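Please read the structure below before turning to the comments.
All residue numbers in this chain count up from 1 along the given sequence. None of the values given here were measured: they were computed from a predicted structure.
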Amino acid sequence: MACARVLQPRRTRFPCVVRASFSLPSAPADRKRNVLVVGGGGREHALCWRLSQSATCGELHCAPGNFGIANEPGVRVWDLDVDDHEAVVRFCKEQEVQLVVVGPEQPLVDGLADALVAAGVRCFGPSAMAARLEGSKSFMKELCQKYGIPTAHYATFTDPDAAKVYIRQQGAPIVVKTDGLAAGKGVIVAQTVEEACAAVDSMLVEGLFGSAGKEVVVEEFLDGEEASFFAIVGGGEALALASAQDHKAVGEGDTGPNTGGMGAYSPAPVLTKEMEERVMKTIVKPTIEGMEKEGCPFTGTLFAGLMIDRKTGEPKLLEHNIRFGDPECQCLMSRLNSDLVDVLIAACDGRLGERQLDWSPKTALVVVMAAKGYPGSYKKGTIIEGLHEAERVDGVKILHAGTKSENGKCVAAGGRVLGVTAQGSDVAEAQRRAYEAVDRIEWADGFCRRDIGWRAVARLKKN
């Protein structure tokens with residue numbers, strides 16, 4: 001039996017300066033709660049940044065974290081194996097953690113929330129059974145069909161030949177998806193039948209996506225404008241968050257292969273107040289009620305990926321995710337004024353009905369800087385400089401995704417590496433500030449899209 005490893009927080013301090021835009025008044029010590037954030041990407045940096053400013057946040061921990069999180073004031077980063085659920089539970093007991101916020105989807109699908117709740121630790125995130133909403137696209141589609149939630153027509157396959165017959169019958173464009181988790185890359189929007197059949201082969205025959213692609217979902221192509229709708233859910237209640245819109249395609253003009261997300265902005269003009277009410281009524285509430293009826297009640301962030309139909313103007317569900325979107329979370333945390341710890345604990349305790357959220361009226365926009373080659377193969381370990389100068393731009397916050405420290409320098413450690421996040425009085429000002437900051441960053445091996453927010457900017461100019 002291996003000896004337990006004594007954990008020590010990383011105490012590395014780095015040359016970039018990380019600034020908070022504002023701070024909330026402090027709360028009495030007896031109201032403060034120690035918090036652990038699980039994850040190490042841009043979403044988790046945004047969550048740590050906002051949680052650290054919550055009046056009810058006590059000690060704030062993050063595992064495994066990244067370069068930027070380790071330099072965030074008030075956050076302790078730990079070398080904790082988050083795949084070892086017993087180790088996470090033990091850590092929470094030792095550090096008297098009263099709330100765990102799980103950022104990425106994989107630990108939730110793997111049952112981390114179940115282990116924590118069984119040990120008496122609050123976890124903002126769904127059980128493994130409820131996490132099937134994202135972990136299995138076929139489960140999500142079956143739930144939609146059973147409870148009348150509007151979504152694209154579909155069929156599921158494990159036999160590649162049967163899938164190809166269906167594709168030829170339906171024609172193109174058509175969408176092919178892995179059933180399981182594929183880091184945002186398991187969705188192929190095929191413009192031709194040949195492309196769709198090749199996607200089926202890559203998943204079911206060649207095993208390009210491993211076990212995630214052992215079953216595929218083939219669904220109709222929906223034409224319209226995409227948007228992201230988020231709600232904090234707990235105790236059968238849902239609290240809508242601000243709207244957001246992301247850019248999944250790697251290329252400008254929303255061209256090229258899909259990625260985990262190359263940028264986002266909030267609010268999203270396409271999601272009017274009337275549209276948000278429609279989404280809550282026809283998609284979010286039926287989902288929550290359906291999950292209750294299926295015996296797997298949902299607690300956590302429900303992220304509805306939407307298509308606003310170009311012809312009818314009606315929202316349809318593209319996918320459900322079970323966590324804050326990345327990079328949408330960066331925009332949402334930039335605009336959120338409420339005490340996030342208090343709200344998440346209320347969700348866990350089934351007291352959401354008592355809460356309301358306060359949002360900045362400003363627009364937030366994030367530009368993702370990625371390693372050249374992403375979403376394909378890319379080089380790691382390349383040096384990034386100029387972060388200090390980038391954050392001197394008014395309203396800008398650099399949120400780290402795939403970074404680490406080597407010899408005291410910030411180096412790239414992933415595909416999506418930085419989220420250059422800016423606030424502005426409108427989307428055009430936020431966009432201008434974000435790209436001004438991007439241009440101050442010295443990273444020869446990185447790239448970004450230069451048109452994040454183009455739809456909203458075009459609407460603004462038109463009006």
Side-chain angles (χ1 to χ4, degrees), residues 41-43 172-178 182-196 198-199 202-203 208-209 221-228 244-266 268-270 305-308 310 318-319 325-328 330-331 365-380 382 384 399 401-402 412 414-422 427-428 430-432 434-439 441 443-461:
R43 165 183 48 227
I174 196 165
V175 182
V176 183
K177 300 179 177 181
T178 60
K185 302 172 190 175
V187 178
I188 307 298
V189 181
Q191 298 301 319
T192 66
V193 167
E194 291 74 22
E195 186 182 355
S202 71
M203 298 171 188
L208 183 63
F209 297 94
F221 172 78
L222 297 178
D223 184 29
E225 187 170 348
E226 289 191 44
S228 302
Q245 190 165 37
D246 75 333
H247 296 265
K248 290 186 175 65
V250 71
E252 292 173 13
D254 295 324
T255 59
N258 275 354
T259 69
M262 294 300 294
Y265 54 93
S266 172
V270 70
L306 306 172
M307 181 67 77
I308 311 302
R310 194 177 306 279
L318 293 176
E319 62 180 2
D326 187 345
E328 295 99 328
Q330 288 84 314
C331 296
L365 182 144
V366 58
V367 176
V368 170
M369 297 190 71
K372 286 181 179 176
Y374 177 81
S377 59
Y378 51 84
K379 189 191 301 185
K380 295 182 181 180
T382 56
I384 304 168
L399 295 166
R416 294 188 298 165
V417 177
L418 298 171
V420 182
T421 309
V427 68
Q431 184 193 59
R432 178 186 59 76
Y435 282 113
E436 182 181 344
V438 164
D439 292 338
I441 294 172
W443 183 28
D445 294 282
F447 78 99
C448 69
R449 281 182 54 167
R450 302 294 305 193
D451 65 344
I452 299 303
W454 67 270
R455 286 190 182 90
V457 172
R459 277 194 176 94
L460 186 66
K461 291 179 178 177

Please list, chain by chain and in numerical order, all residues satisfying side chain to side chain contact (heavy atoms under 4.5 Å, CB included) with [X], sequence neighbours excluded.
| X | result |
| --- | --- |
| Leu318 | Leu222, Glu226, Met307 |
| Ala196 | Ile167, Ile174, Val176, Ala190 |
| Val366 | Ala264, Pro327, Gln330, Cys331, Thr421 |
| Ala412 | Thr382, Ile384, Val417, Trp443 |

Sequence neighbours excluded and cut-off under 3.5 Å, please list the side-chain donor-acceptor pairs for residues 371-380, or say none.
residue: Lys372; atom: NZ; partner: Ala444; partner atom: O; Å: 2.8
residue: Tyr374; atom: OH; partner: Gly260; partner atom: N; Å: 3.0
residue: Tyr378; atom: OH; partner: Gly415; partner atom: N; Å: 3.1

Taking all atoms of both residues into account, what is the closest heavy-atom pair of [X] and [Y], and its distance?
| X | Y | answer |
| --- | --- | --- |
| Ala437 | Val420 | CB-CG1, 3.6 Å |
| Gly42 | Asp326 | N-OD2, 3.8 Å |
| Ala430 | Leu365 | CB-CB, 3.9 Å |
| Cys448 | Val368 | CB-O, 3.3 Å |
| Ile452 | Gly263 | CD1-CA, 3.8 Å |
| Ala182 | Phe209 | CB-CD2, 3.8 Å |

Can a donor-acceptor pair be found, under 3.5 Å and without considering hydrogens, that links the side chain of Arg416 to the backbone of Ala401?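 Checked: no pair found.
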Say whether, by atom type as modelled, one donor and one acceptor occur between the side chain of Asp451 and the main chain of Gly253 under 3.5 angstrom.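 Such a contact is found between Asp451 side chain and Gly253 backbone.
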Please collect all salt bridge (charged side-chain N to carboxylate O under 4.0 Å, His left out) contacts where either partner lies in residues 249-260, sequence neighbours excluded, each pair once.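 Checked against salt bridge (charged side-chain N to carboxylate O under 4.0 Å, His left out) - neighbours excluded - the pairs reaching residues 249-260 are Asp254-Arg449, Asp254-Arg455.
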Who are the side chain to side chain donor-acceptor pair (under 3.5 Å) partners of [X], not counting sequence neighbours?
| X | answer |
| --- | --- |
| Thr178 | none |
| Gln431 | none |
| Glu225 | Gln245, Arg459 |

Contacts of Glu319 that satisfy salt bridge (charged side-chain N to carboxylate O under 4.0 Å, His left out) - sequence neighbours left out: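 By the salt bridge (charged side-chain N to carboxylate O under 4.0 Å, His left out) rule, Glu319 matches no residue at all.
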Please list, chain by chain and in numerical order, all residues satisfying salt bridge (charged side-chain N to carboxylate O under 4.0 Å, His left out) with Glu436, sequence neighbours excluded.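 Applying salt bridge (charged side-chain N to carboxylate O under 4.0 Å, His left out) to Glu436 gives Arg432, Arg440.
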Side chain to side chain contact (heavy atoms under 4.5 Å, CB included) for Phe447 and Val250? Distances and angles first, verdict last. CA-CA 10 Å; Phe447 78 99; Val250 71; 3.8 Å; yes
Gap separating the CG atom of Leu418 from the CD1 atom of Ile441, nearest 0.5 angstrom: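 It is 5.5 Å, given to the nearest 0.5 Å.
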Working to the nearest 0.5 angstrom, can you tell me the gap between Ile188 CD1 and Met203 CE?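 Taking CD1 in Ile188 and CE in Met203, the distance rounds to 5.0 Å.
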Side chains of Trp454 and His247 in contact at under 4.5 Å (non-hydrogen atoms):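 Counting from C-beta outward, Trp454 and His247 do come under 4.5 Å.
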